[in-house]
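To start, the structure under review is shown below, and the notes come after it.
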Amino acid sequence: MTVAKAVANLAADHAEQFRTMGRKWTESDGRARKLKEMKEHVLAKRAKAMGDRPVAAAERDVKASQEWADFLTEMVQARTQANRELIEVEYLHMKFFEKHGVRRALELLSGEST
């Protein structure tokens, strides 16, 4: 097997792993962003469900509830999971280059080496 073919195979394997992890991170990031964007909507909906009360009082009661604490906890956990998966994507990428020295190999193959 030539060096070029070996590098191409390594790159293809890496690309597939990177794509898989990237998709997983994208889904987690989307979930976290959705929860963040829905925060004000959920607050308003829960405050409205309390009936004809002053807005400030209803919002204060919602924010003091266990349900609100659970919602915020879920939001933080979703962001944490997305960040964890992003680190995995970056780690995979870094380990690939560390293990295979692909940057240097690609430079040599492309003639960009000095």
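If you're wondering where the values come from, they're calculated on a predicted model, not measured in any experiment.
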*Between atom NZ of K24 and atom CG of L86, what is the distance when rounded to the nearest 0.5 Å?*
13.0 Å
*Hey, what do you get for CD1 (I87) to CE (M21), rounding to the nearest 0.5 Å?*
10.5 Å
*Pairwise side-chain contact, T80 with R84, heavy-atom cut-off 4.5 Å (strictly under)*: yes
*Determine, step by step, whether R79 and D29 satisfy the salt bridge (Lys or Arg N to Asp or Glu O under 4.0 Å) criterion, reporting the C-alpha distance in whole Å, the side-chain angles of both residues, the deciding distance to 0.1 Å, and the verdict.*
CA-CA 7 Å; R79 173 55 49 210; D29 183 63; 2.8 Å; yes
*K48 NZ to L43 CG distance, which is reported to the nearest 0.5 Å*: 13.5 Å
*Is the closest side-chain heavy-atom distance between E88 and L92 below 4.5 Å?*
no
_Quick check: closest heavy atoms across R53 and R60, and the distance to 0.1 Å?_
NH2-NH2, 4.5 Å
*asked:* Check for me, please, whether V42 and M50 land in the same ILVMFWY cluster - side-chain distances under 4.5 Å, paths through other members count.
replied: yes
*Among V62, V55, D61, find the one that has a side chain to side chain contact (heavy atoms under 4.5 Å, CB included) with E59.*
V55
*Supply the atom-to-atom distance F71 CZ to T73 OG1, rounded to the nearest 0.5 angstrom.*
10.5 Å
*Under 4.0 Å between a Lys/Arg side-chain N and an Asp/Glu carboxylate O for E16 and R19?*
yes
_Between E85 and S28, does the side chain to side chain donor-acceptor pair (under 3.5 Å) criterion hold? Intermediate values first, please._
CA-CA 8 Å; E85 290 172 2; S28 293; 2.5 Å; yes
*asked:* I'd like to know if R31 pairs up with E74 as an ion pair, taking the criterion as any Lys NZ or Arg NE/NH1/NH2 lying under 4.0 Å from an Asp or Glu carboxylate oxygen.
replied: yes
_Please report the interatomic distance CE(M75) to CD(E37), rounded to the nearest 0.5 Å._
10.0 Å
*Minimum heavy-atom distance V89-W25, with the two atoms named*: CG2-CB, 4.4 Å
